[in-house]
Amino acid sequence: MSANATPNGTVDGVAAGASAGAGEPTRIGIIGGTGPAGAALATRLADIGCEVTLGSRSKYRSMEVVDNILDRWPERHLRIHPGANSLAAEEPTVVIATPWDAAAITARGVAEHLRGKVVATMSNALARVDDEFVPLIPPRGSVAASVQASLPDSRVAAALQHVPATELGNLDEPVDGDILICSDHREATWHIAEIVDRMPGARALDCGNLSNATAIEAFTAVLMQLNTRYRTRVALRLVGLDHVPISVLGGGPSHPDAAQPSAETVPD
């Protein structure tokens, strides 16, 4: 992203400090980060050079999970710090990784720390009925939409819901998959995409407005069902798309002079 700050303390539309300056790591807070998905994301983000605050309702639980991560990867020199959710919410970029039914409530509890920030959600509303995974539709259509309603002054993006936690947290292997991102705020999509594109094997794809989070979250039930039926862990990979960074394709913040694509260049 551009390093030119605006008078209101933002950097090209994203909260100041949200992206790394010269020699500075990207700082990210993960709210509810002690579950499998949050801990895995913290591990992967730290491995690509981010500085991560792993939040939890209990700072002692956060300390335990951070110690486990650092003990597993001692040679990686990961910069992950424990803390309460409120401390994680103070970081320039924030990810909400709580269970789906706690995401909006938790976000509302730290809303004062999240004003003006990019906030990513990675939760899915799912239930297991016998041996089937069933998508649930929250009242606003998706977990991400519920979080956006709770955070009207933040820029919420849905991302990373469909990435298996085991693969995300295994630093010996690439992520190897497409990461679907949607938001009503283009700068939020660009910002999260730039972080995702640093992950080995990952490709960030702009999937439009936040209304599409309904389909993305529900489709995760299909992926989990495949994992159960075939005793594997599937990853999403779409064909027919060249790997063009979102910020280049759409003239994102890190490429302020990039032209918008013409109708002829936009994939059908």
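- Under a hydrophobic clustering in which Ile, Leu, Val, Met, Phe, Trp and Tyr are joined whenever their side-chain heavy atoms come within less than 4.5 Å, directly or via other members, Ile80 and Tyr60 fall into different clusters.
- With values rounded to the nearest 0.5 angstrom, Arg61 atom CZ is found 9.5 Å from Leu54 atom CG.
- Scanning both residues, Ile48 and Pro200, for their nearest heavy atoms gives CG2-CD, 4.1 Å.
- For the pair Glu167 (side chain) and Val175 (backbone), a donor-acceptor distance under 3.5 Å is absent.
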Query raised in the report: Does the side-chain contact (heavy atoms from CB on, under 4.5 Å) test come out yes or no for Ile96 and Val147, once each step is laid out?
Result: CA-CA 9 Å; Ile96 297 178; Val147 171; 3.8 Å; yes
Report task. Give the intermediate values and the outcome of side-chain contact (heavy atoms from CB on, under 4.5 Å) for residues Val222 and Met224. Result -> CA-CA 5 Å; Val222 177; Met224 294 180 69; over 6 Å; no
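- Using modelled atom types, one finds no donor on one side chain facing an acceptor on the other under 3.5 Å when comparing Ser86 with His113.
- Legend: salt bridge (charged side-chain N to carboxylate O under 4.0 Å, His left out) pairs involving residues 141-154, not counting sequence neighbours, sorted by first then second residue: Arg115-Asp153.
- Within 6.0 Å of CZ on Arg79 lie more than 12 heavy atoms contributed by other residues, nucleotides or ligands.
- For the pair Ser183 (side chain) and Val156 (backbone), a donor-acceptor distance under 3.5 Å is present.
- How far CD of Gln225 is from CG of Leu223: 10.5 Å, rounded to the nearest 0.5 Å.
- In this structure, the side chain of Ser154 does not engage the main chain of Val118 through any donor-acceptor pair within 3.5 Å.
- The distance from atom CD1 of Ile192 to atom CD1 of Ile181, rounded to the nearest 0.5 Å, is 7.0 Å.
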Report task. Assess whether side-chain contact (heavy atoms from CB on, under 4.5 Å) is satisfied between Cys207 and Ile216, documenting all intermediate values. Result -> CA-CA 9 Å; Cys207 295; Ile216 295 172; 4.2 Å; yes
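- Linking ILVMFWY side-chain heavy atoms closer than 4.5 Å, directly or via other members, places Val95 and Leu151 in two distinct hydrophobic clusters.
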Requested in this report: Any chance you could lay out the side-chain contact (heavy atoms from CB on, under 4.5 Å) test for Glu64 and Thr34, step after step, and finish with the verdict?
Outcome: CA-CA 9 Å; Glu64 178 184 4; Thr34 56; over 6 Å; no
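- The CG atom of Asp184 lies 5.0 Å from the CG atom of Leu210; values are rounded to the nearest 0.5 Å.
- The two residues Ala89 and Leu114 come nearest to each other via the heavy atoms O-CD2, 3.6 Å.
- The OG1 atom of Thr220 lies 3.5 Å from the CG atom of Asn124; values are rounded to the nearest 0.5 Å.
- The shortest non-hydrogen separation linking Val94 to Glu91 is CG2-O, 3.6 Å.
- Atoms CG and CG, on Leu180 and Asn212 in that order, are 9.5 Å from each other to the nearest 0.5 Å.
- Using a 4.0 Å cut-off between charged nitrogen and carboxylate oxygen, Arg237 and Asp176 count as a salt-bridge pair.
- Pairs passing the side chain to side chain donor-acceptor pair (under 3.5 Å) check and including a residue from residues 37-52, sequence neighbours excluded, read Asp47-Arg76, Glu51-His81.
- When Thr166, Leu168, Asp172 are each tested for a side-chain contact (heavy atoms from CB on, under 4.5 Å) with Asn170, only one passes: Asp172.
- A salt bridge links Arg229 to Glu132: one of the charged nitrogens lies within less than 4.0 Å of a carboxylate oxygen.
- Shortest non-hydrogen contact noted between Ile30 and Ala97 is CG2-CB, 3.9 Å.
- Counting heavy atoms from C-beta outward, Leu205 and Arg203 have side chains that approach closer than 4.5 Å.
- In summary, of the residues considered (Thr53, Asn85, Leu87), a side-chain contact (heavy atoms from CB on, under 4.5 Å) with Ile31 occurs for Asn85 alone.
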